[in-house]
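Comments concern the structure below.
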Number of protein chains: 2
Amino acid sequence: MGRAAKFDREAAVEICMHEIWRNGFEACSVKALSEKLGITRSSFYNAFGSREDLFLEVLARYFTQTPDRVLGTVDAKTPVRRLLTDFFKDVCRTRATDPDAKGCLAVNCISELVGVDETLGPVLENTVHAGIDRLEAVLETAAANGEIENDSHLREKALALQNLLIGLSVLSRVVHSEKELLSVAKQTLTGLGLYDEHSSSTSHPALTE
Amino acid sequence: MGRAAKFDREAAVEICMHEIWRNGFEACSVKALSEKLGITRSSFYNAFGSREDLFLEVLARYFTQTPDRVLGTVDAKTPVRRLLTDFFKDVCRTRATDPDAKGCLAVNCISELVGVDETLGPVLENTVHAGIDRLEAVLETAAANGEIENDSHLREKALALQNLLIGLSVLSRVVHSEKELLSVAKQTLTGLGLYDEHSSSTSHPALTE
DNA sequence: CACTTTTTGTCCAGAGGTGTATAAAAAATA
DNA sequence: TATTTTTTATACACCTCTGGACAAAAAGTG
């Protein structure tokens, strides 16, 4: 019942997310972010606590929007190869259609923060490990329902998938052609026995560069 | 016939390279680098011109030391699959044995500078494209001497190799086990038809994590 | 010694930013 | 009106840094 906040917190986090995504975390000072939001530094600190806390909020929000949400929707009946193929196609399209070619926020910040920032670095490390865990779980589902062979190397296959994802995220900063990114994904997934030929292209034909 | 420089320029570039590699370019101010070198800012500017010029010198020096030098040694008789396999093994070992897990200087700086710094960003973009070109040339050699099939998709295969390399560079910031990195490389190379089973392990058995 | 190059130190004028504290004003509700 | 929360503005004390200019000192050679 006190004064209402002047700005929409969700919208503010979204704006900060894009600034950090485009310019990197270190380049986004509290002063610069406050100005971008049209509020004073005092209001920024009152609303978000600190730049580090804001970053954690940004990360959380980012993960509600990333293509890899679908990896958490897997159940015993999910056709995993189709899901993975669709997922990587979605990643390629998302990265290729981004006008700023910003890549992936989390992957961008690995270079910047892991081994450098004692608080945020480990957060990003955990993000990568969680991603590998999730991919492994997805592969376990595939093995359980006979889609792929369980050759006791699912962890390694999950690592290779995460590597493909990370690589695409960085490569897309430089290579902007969806077709080229898709060819990388297709080749690597095919080699891992995970490419689904009949996968939906989600109603969009592959775009030419 | 004037005064001699007080410091060894090569050694200075090496020191700066490690600082930038470990902390990122933006974090390395002229003041900090000068202090690290034990010289004044004036001497820094006199010797290197600018921080951007220094960075270009650092990059050039870095590329004289990176594992991918071997890709330029290919001639018509080179067994390409062995060379590529050895190369990726070397990359995995180099990254895994780095006590700081610094990854790859050039790849680290992509996130930081591409799309952000108008001068240095394009330099790094060109580096990536040059890497793809070089891999494509290597694959053309392999096709010419019958090691692999020339299916008119060598450019795409080169892209997939570059993606593997970039992925490993970033992944190694988080995953420090050489064995795990090697498994990623092996799986992906195998899938691309480029893994050489009899490749030398360069007299070091794979280290366990 | 003269000449040259490098190093040093200082200044300029400016730029950018930090977290914390505090008081007043503003906005909302009862 | 009183109460509460948010916003604003300001101060503190400090920090960090920039490129360029310039003069003097230092170091090396002829």
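Chain naming here is simple, since letters A, B, ... match the order of the sequence lines and numbering starts at 1 in each. As the structure is a prediction and not an experimental result, all values here were calculated from the model.
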Nucleotide dG16(C), atom C1' - distance to CD of Glu35(A) in whole Å: 11 Å
Distance-only side-chain donor-acceptor flag, Glu14(B) / Gln65(B), under 3.5 Å: yes
Quick one: are Val74(B) and Leu83(B) in side-chain contact, heavy atoms under 4.5 Å? yes
Distance in angstrom units between Arg41(A) CZ and dG16(C) C1', rounded: 12 Å
Which of the following nucleotides, dT7(C), dG20(D), dT7(D), is nearest to the side chain of Ser43(A)? dT7(D)
Which nucleotide sits closest to the side chain of Ala32(A): dT7(C), dT7(D), dG17(C)? dG17(C)
Can you tell me if Thr40(B) touches the phosphate of dT7(C), counting only side-chain N or O atoms and a distance under 4.0 Å to OP1 or OP2? no
In whole Å, I'd like the distance from the NZ atom of Lys31(B) to the C1' atom of dG16(C). 15 Å
Report which part of the nucleic acid Ser42(A) touches: base, sugar-phosphate, or nothing (heavy-atom distance under 4.0 Å, all strands). base
Can any side-chain N or O of Asn23(A) pair as donor or acceptor with the backbone N or O of Glu19(A) at less than 3.5 Å? yes
Should the pair Phe48(B) and Phe7(B) be assigned to parallel (<30°), tilted (30 to 60°) or perpendicular (>60°) ring geometry? tilted
Spacing of Arg9(A) atom CZ relative to dT5(D) atom C1', expressed in whole Å: 14 Å
Would you say a side-chain N or O of Lys6(A) is under 4.0 Å from OP1 or OP2 of dT6(D)? no
More than 12 heavy atoms from other groups under 6.0 Å of NZ on Lys186(A): no
Whole Å only: how far is the CG atom of Asp53(B) from the C1' atom of dG20(D)? 16 Å
Measure the distance from CG on Asn46(A) to P on dA27(C) and round it to the nearest whole Å. 16 Å
Distance, rounded to the nearest Å, where Leu37(B) contributes CG and dT7(C) contributes P: 11 Å
Are Asp196(A) and Arg81(A) close enough, and set up right, to give a salt bridge (charged side-chain N to carboxylate O under 4.0 Å, His left out), and what steps lead you there? CA-CA 6 Å; Asp196(A) 182 353; Arg81(A) 290 191 306 130; 5.3 Å; no
What verdict does the salt bridge (charged side-chain N to carboxylate O under 4.0 Å, His left out) test give for Arg61(A) and Glu57(A), after you've listed the backbone C-alpha separation in whole Å, the side-chain angles of each residue and the deciding distance to 0.1 Å? CA-CA 6 Å; Arg61(A) 182 175 186 87; Glu57(A) 211 168 322; over 6 Å; no
Could you check whether Phe44(A) gets within reach of a base, just the sugar-phosphate, or nothing at all, counting any heavy atom under 4.0 Å? nothing
Measure from the side-chain heavy atoms of Ala5(B) and tell me the nearest of dT18(D), dT7(C), dT8(D). dT7(C)
Between the protein and nucleotides 25-29 of chain D, are there any N/O to N/O pairs under 3.5 Å, and if so, what are the atom names and distances?
| from | atom 1 | to | atom 2 | distance (Å) |
| --- | --- | --- | --- | --- |
| dA27(D) | O4' | Arg3(B) | NE | 3.4 |
| dA27(D) | N3 | Arg3(B) | N | 3.4 |
| dG28(D) | O4' | Gly2(B) | O | 3.4 |
| dG28(D) | N2 | Met1(B) | O | 2.5 |
| dG28(D) | N3 | Met1(B) | O | 2.7 |

Take the protein atom CZ of Arg51(B) and the nucleotide atom P of dT18(D), then report the distance between them rounded to whole Å. 7 Å
